[in-house]
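Below you'll find the structure, written out as structure tokens, and then a few comments.
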Amino acid sequence: MKILILTGKLASHIALSIASKISSDMGIKVDVGILNIPVAALITTRDVLEYLSQRASEVKGYDIIIAPGLMLGDLDIVNRALGVRCYKGSRYIGDLPIVIDEVIKKGAQLSTSKPADSVLDTLRKRDYNKILEELEESSRKTFSIGSLSIPLDPPPFRIFAEVNIDHPIEATIKNARRLIESGADLLVIGTHADSDDPDSVRRVFREIKKHYEIPLGIDSLNPREVEAAVSEGAGLVMNISRSFFDFVDRFGRDLAYVLVPETVEDPTAASRVKALKKDLEDLVNRYNAWKVILDPVIPPPHFGALEGLYAVALTKREIASHPVMMSSANIVEMIDTDSIGINALLTSLALEAGASIVLATEDSWKTRGSVSEIRRAATMCSIAHVKRSPPKDLGIGLFLAKSKEKPVRIPISFEEDIVVDRYIPPSRLDSDKFFVVQVDHEERYIEVYIFSGDKERAVYRVRGRDPRSLGRLALRLSGIQDPEHALYLGVELARALEALRLGRRYEQDEQPSIDMI
């Protein structure tokens, strides 16, 4: 096979290096065509057509021509005009080896209008959906909670999400909707330890059931609240221990129950499993419960978390007949670090330990998004399990703050090197016309308020998610021509976008910190 890679002048050194490596690793001929355009993203179909037309007989000898993924236009016009096979490559030139590998080994068909990354992602998603469907069909199921079947072993996983009732009730309903739409398989409605409010429990259950068909559970030690939940269709009762076994007689043996150990001799995993074994035997034999999920309970970090994680695996090893649940709450909520990596690791450990259910909470702002993080991690770990590989290099990741590959830095020649190591204030300030930028995390919007004259009331509020479009429209509406003001708005919109993407607090004019770099 013979391949031609097209690029701009500034990235030509990197392209030549990548082409040489692909040629060496894959045993094919890869050449590089350098257009007289500085940046690859500025290349248009007209530029490609002109470049290839000047070498018409030569380029017809290539099996495939790969242009920059970020270039403008549809390359179909080039193919029809010259009779060649020219397609868009990856957005980032460093990903070209992956693209070419997919084309050669798997026969992937690239697009003339879309970057190769998006095409390959679509193909992978189609393949992975098939794998997940086959996992569902082949997995051993134990029982069902409503319409939701519970696997005995992972994969597949089931994700339970818990939301606590708070007032106003509308806020609880809103949080419940967010968790459901983030990918929860079952929603648990929780109440506080001293709560005695069955009416609120009924109201929350009814409101959720109006809009969703998701199975529901209750997490309460108050029999009146549990009764209210069961009367409204709850199929699961959380966290019953030996002192609450009478719940089975009172509310029915056909409900599912999450069993937690009550009397544990010491904090070791072995003691937890011993207690669970004894309690399970009584729960099944004396109370006839048969839909039982085991939760050995993982303590917070520094208070037995490692022993708790081991208890999950030991529970599954010693009591293989019942599904096991791993609750992420005590770990992810009780450490001040980003949740995404912790949730990915815990889901991977759940697979190794044999826990087919992961319980997620989003009780604090820093853990918002945990359900969607665990959902994606569950997909990644399930695919890796089928492929018998670590959860790596699958095209599915949970990168948010970091990149998988080292960033590419293009060498550019210059005449003079200027280092800015001090704050440079603006040359002038416009106190009459100004912008206020905010982030609406609930609606997922960046907001720009445009003031002119009146400092108490904005003339416009412009909302959106694309900072470039927001900035252009805001500048037009404001009539501001000052390039420094435009620069200021651009910087703040970039910061607002990053805050929206990462779920971080945004404060206008806050000096960015590089302490962690």
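The chain is numbered in sequence order, starting from 1. Side chains included, hydrogens not; waters and symmetry mates left out as well; all remaining heavy atoms used. Just so it is clear, the structure is predicted and the values come from calculations on it, not from any experiment.
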Met334 versus Lys366, closest heavy-atom pair with distance:
N-NZ, 4.4 Å
Tightest non-hydrogen contact, residues Val297 and Pro261, listed as CG2-CD, 4.2 Å
With side chains defined as the heavy atoms from C-beta onward, is the minimum distance between Asn175 and Glu362 less than 4.5 Å?
no
Quick one: does any side-chain atom of Arg253 pair with a main-chain N or O of Asn288 as donor and acceptor, under 3.5 Å?
yes
Above 12 or not: heavy atoms from other molecules or residues under 6.0 Å from NZ of Lys141?
yes
Would you please test Ile357 and Val258 for side chain to side chain contact (heavy atoms under 4.5 Å, CB included) and show each step?
CA-CA 11 Å; Ile357 301 162; Val258 174; over 6 Å; no
Evaluation steps, salt bridge (Lys or Arg N to Asp or Glu O under 4.0 Å), between Glu170 and Arg203:
CA-CA 10 Å; Glu170 289 73 20; Arg203 184 179 170 192; 2.6 Å; yes
Can you see which heavy atom on Ser220 is nearest to which on Val226, and at what distance?
O-CG2, 3.5 Å
Ser469 side chain to Asp466 main-chain N or O, any donor-acceptor pair under 3.5 Å?
no
Nearest-0.5 Å distance that lies between atom OG in Ser241 and atom CG in Asp295:
11.5 Å
Tell me whether the count of non-hydrogen atoms from other residues, nucleotides or ligands lying under 6.0 Å of OH in Tyr212 goes above 12.
yes
Step by step, would you call Asp266 with Thr268 a side-chain hydrogen bond (donor to acceptor under 3.5 Å, both in side chains)?
CA-CA 6 Å; Asp266 57 57; Thr268 64; 2.4 Å; yes
Worked verdict on Ser243 versus Glu262 for side-chain hydrogen bond (donor to acceptor under 3.5 Å, both in side chains)
CA-CA 8 Å; Ser243 298; Glu262 182 173 291; 2.7 Å; yes
Salt bridge present between Lys210 and Glu207 (N-O < 4.0 angstrom):
yes
Determine whether a donor-acceptor pair (N or O, by modelled atom type, separation under 3.5 Å) exists between the side chain of Lys291 and the backbone of Tyr257.
no
Nearest heavy-atom contact between Ser364 and Glu333 is OG-OE1, 2.8 Å
Could you check whether any side-chain N or O of Arg124 sits under 3.5 Å from a backbone N or O of Gly395, counting only pairs where one atom can act as donor and the other as acceptor?
no
Flag, side chain of Ser372 to backbone of Ser182, donor-acceptor distance under 3.5 Å:
no
As a quick check of understanding, evaluate side-chain hydrogen bond (donor to acceptor under 3.5 Å, both in side chains) for Ser149 and Arg158, giving each step before the final call.
CA-CA 9 Å; Ser149 61; Arg158 296 294 181 257; 3.3 Å; yes
Would you call Phe435 and Ile450 a side-chain contact if the rule is heavy atoms closer than 4.5 Å?
yes
Inter-residue atom distance Leu314.CG - Ile319.CD1, 0.5 Å rounding:
8.5 Å
Note: Asn343 and Ala377 closest approach over all heavy atoms is O-CB, 4.3 Å
Considering only heavy atoms from C-beta outward, does the side chain of Thr191 approach that of Asp197 to under 4.5 Å?
no
Do the side chains of Phe160 and Leu148 get nearer than 4.5 Å, heavy atoms only?
yes
Strictly by ring pair (Phe, Tyr, Trp, His ring centres under 6.0 Å), give each pair with a member in residues 228-247 just once, sequence neighbours left out.
Phe244-Phe247, Phe245-Tyr287, Phe247-Phe251
Taking Arg375 for the side chain and Gly183 for the main chain, is one N or O donor matched with an acceptor at less than 3.5 Å?
yes
With sequence neighbours excluded, give me every ring pair (Phe, Tyr, Trp, His ring centres under 6.0 Å) pair touching residues 352-384.
Trp365-His441
Student check: side-chain heavy atoms of Leu216 and Glu232 closer than 4.5 Å:
no
Evaluate salt bridge (Lys or Arg N to Asp or Glu O under 4.0 Å) for Lys130 paired with Asp127, printing each intermediate quantity in order.
CA-CA 5 Å; Lys130 184 178 179 181; Asp127 291 342; over 6 Å; no
Please lay out, stage by stage, how Ser328 and Ile342 fare under the test side chain to side chain contact (heavy atoms under 4.5 Å, CB included).
CA-CA 9 Å; Ser328 67; Ile342 299 175; over 6 Å; no
Minimum side-chain heavy-atom gap Ile93-Pro68 below 4.5 Å
no
Beyond-backbone contact of Ser195 with Glu225, side-chain heavy atoms, under 4.5 angstrom:
yes
Nearest 0.5 Å please: distance from the OG1 atom of Thr263 over to the CG atom of Asp279.
7.0 Å
Closest non-hydrogen atom pair, Ala355 against Phe157:
O-CE2, 3.5 Å
With a 3.5 Å distance limit and no angle check, can you tell me whether Asp153 reaches the backbone of Gly354 through a side-chain donor-acceptor pair?
no
Just wondering, do Phe143 and Pro323 contact through their side chains at under 4.5 Å, heavy atoms?
yes
Euclidean distance, Met380 CE relative to Arg376 CZ, rounded to 0.5 Å
8.5 Å
Quick check against the 3.5 Å criterion: does Arg501 have a side-chain atom that pairs as donor or acceptor with the backbone of Leu400?
yes
Qualifying ring pair (Phe, Tyr, Trp, His ring centres under 6.0 Å) pairs with a residue from residues 312-334, counting only residues at least two apart or across chains:
none
Let me confirm one number: the NZ-CD1 distance from Lys125 to Ile396, rounded to the nearest 0.5 Å.
10.5 Å
Taking it one step at a time, do Arg250 and Asp246 satisfy salt bridge (Lys or Arg N to Asp or Glu O under 4.0 Å)?
CA-CA 6 Å; Arg250 185 166 179 175; Asp246 63 304; 5.3 Å; no
Judged by atom type as modelled, is there a donor-acceptor pair below 3.5 Å linking the side chain of Arg444 to the main-chain atoms of Leu500?
yes
Set out, in order, the CA-CA distance, both residues' side-chain angles and the distance that settles side chain to side chain contact (heavy atoms under 4.5 Å, CB included) for Ile173 and Val204, then state yes or no.
CA-CA 7 Å; Ile173 302 300; Val204 170; 4.1 Å; yes
Judged by atom type as modelled, is there a donor-acceptor pair below 3.5 Å linking the side chain of Arg495 to the main-chain atoms of Glu507?
yes
Quick one about Asn129 and Arg126 (side-chain donor to acceptor, distance below 3.5 Å, no hydrogens or angles considered), yes or no?
no
Would you say CD of Glu442 has more than 12 non-hydrogen atoms from neighbouring residues, nucleotides or ligands within 6.0 angstrom?
yes
Quick one: do Glu443 and Arg463 satisfy salt bridge (Lys or Arg N to Asp or Glu O under 4.0 Å)? Show the steps, please.
CA-CA 10 Å; Glu443 299 297 329; Arg463 297 185 294 161; over 6 Å; no
Straight-line distance of Arg368 CZ to Leu179 CG, nearest 0.5 Å
9.0 Å
Hydrogens and angles aside, do Tyr506 and Glu492 bring a side-chain donor and acceptor to less than 3.5 Å of each other?
yes
Please evaluate residues Tyr488 and Asp509 with respect to the criterion side chain to side chain contact (heavy atoms under 4.5 Å, CB included), reporting the C-alpha separation (whole Å), side-chain torsions for both, the decisive distance (0.1 Å), and the verdict.
CA-CA 9 Å; Tyr488 168 81; Asp509 293 327; 2.6 Å; yes
